[in-house]
Amino acid sequence: LQNDYELLFNPVFAAMAAPEGSLVGVARPKSPAPPSRALADYAGTYRNDFHGPLKVERSGDSLVATLGPKPLRLPLTHWESDVFTFALDNENATPGTLSKANFAPGRVTLEYYDVEGLGTFVR
């Protein structure tokens with residue numbers, strides 16, 4: 001019995017190499033709702049028992065999030081209302097990965113880190 005292993009495994013490996021994030025391939029809103037708060041109001045330190053602290057700082061007309069002991073610097077790009085995005089390209093995130101940072105009063109959820117429900121950071 002012979003198998004065409006390339007035909008069998010290519011779809012599996014292609015899925016593993018695909019960019020992650022619910023906004024990958026989605027067109028940016030043409031007329032996005034502006035942030036619901038001043039950028040300075042999003043800034044601060046948010047805590048997460050699993051991932052540790054997340055520091056969000058205003059940098060000019062945008063926001064930057066810093067996560068982890070190394071630290072990982074994530075420039076945040078406004079998408080719409082309280083949703084910002086950040087790109088990841090590292091050993092765990094394939095090129096083209098685009099994650100949401102969804103802010104709510106006193107919290108922010110990072111989509112990429114929320115796969116198992118552990119991506120919400122609270123002030």
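- With values rounded to the nearest 0.5 angstrom, Thr45 atom OG1 is found 6.0 Å from Lys55 atom NZ.
- Within the 4.5 Å cutoff, the side chain of Leu63 has no heavy atoms near those of the Glu57 side chain.
- By the rule that hydrophobic residues join a cluster once side-chain heavy atoms approach within less than 4.5 Å of another member, Leu98 and Phe84 end up as members of separate clusters.
- How far CZ of Phe121 is from CG of Asp49: 10.5 Å, rounded to the nearest 0.5 Å.
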Are Thr97 and Val24 close enough, and set up right, to give a side chain to side chain contact (heavy atoms under 4.5 Å, CB included), and what steps lead you there?
CA-CA 7 Å; Thr97 292; Val24 169; 5.7 Å; no

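- Between Ala87 and Leu74, the shortest heavy-atom distance links the atoms O-CD2, 4.3 Å.
- Panel note: side chain Ser99, backbone Tyr112; a donor-acceptor pair is recorded below 3.5 Å.
- The two residues Ala43 and Arg58 make their nearest non-hydrogen contact at CB-N, 4.3 Å.
- Between Tyr42 and Pro35, the closest heavy-atom pair is OH-CB, 3.6 Å.
- Cluster annotation: Trp79 is not connected to Leu54 through the hydrophobic network of ILVMFWY side chains, with a link wherever side-chain heavy atoms come within less than 4.5 Å.
- Listed for the Asn48 side chain is a donor-acceptor partner under 3.5 Å among the backbone atoms of Leu118.
- The main-chain N or O of Pro32 is never found under 3.5 Å from a side-chain atom of Glu80 such that the two would form a donor-acceptor pair.
- Contact detail for Val83 and Asn102: the closest heavy-atom pair is CG2-OD1, 3.6 Å.
- In this structure, Arg37 contributes its side chain and Leu39 its backbone to no donor-acceptor pair below 3.5 Å.
- Judged purely by distance below 3.5 Å, without hydrogens or angles, the side chains of Ser36 and Asp82 pair a donor atom with an acceptor atom.
- Between Arg28 and His78, the shortest heavy-atom contact is NH2-O, 2.6 Å.
- Here the straight-line distance linking atom CD of Glu111 with atom CG of Leu23 works out to 6.0 Å at 0.5 Å rounding.
- The shortest non-hydrogen separation linking Pro75 to Phe86 is O-CB, 3.5 Å.
- With rounding to the nearest 0.5 Å, the separation of CG in Asp114 from NE2 in His51 is 8.0 Å.
- Aromatic ring centres of Phe50 and Tyr113: separated by at least 6.0 Å.
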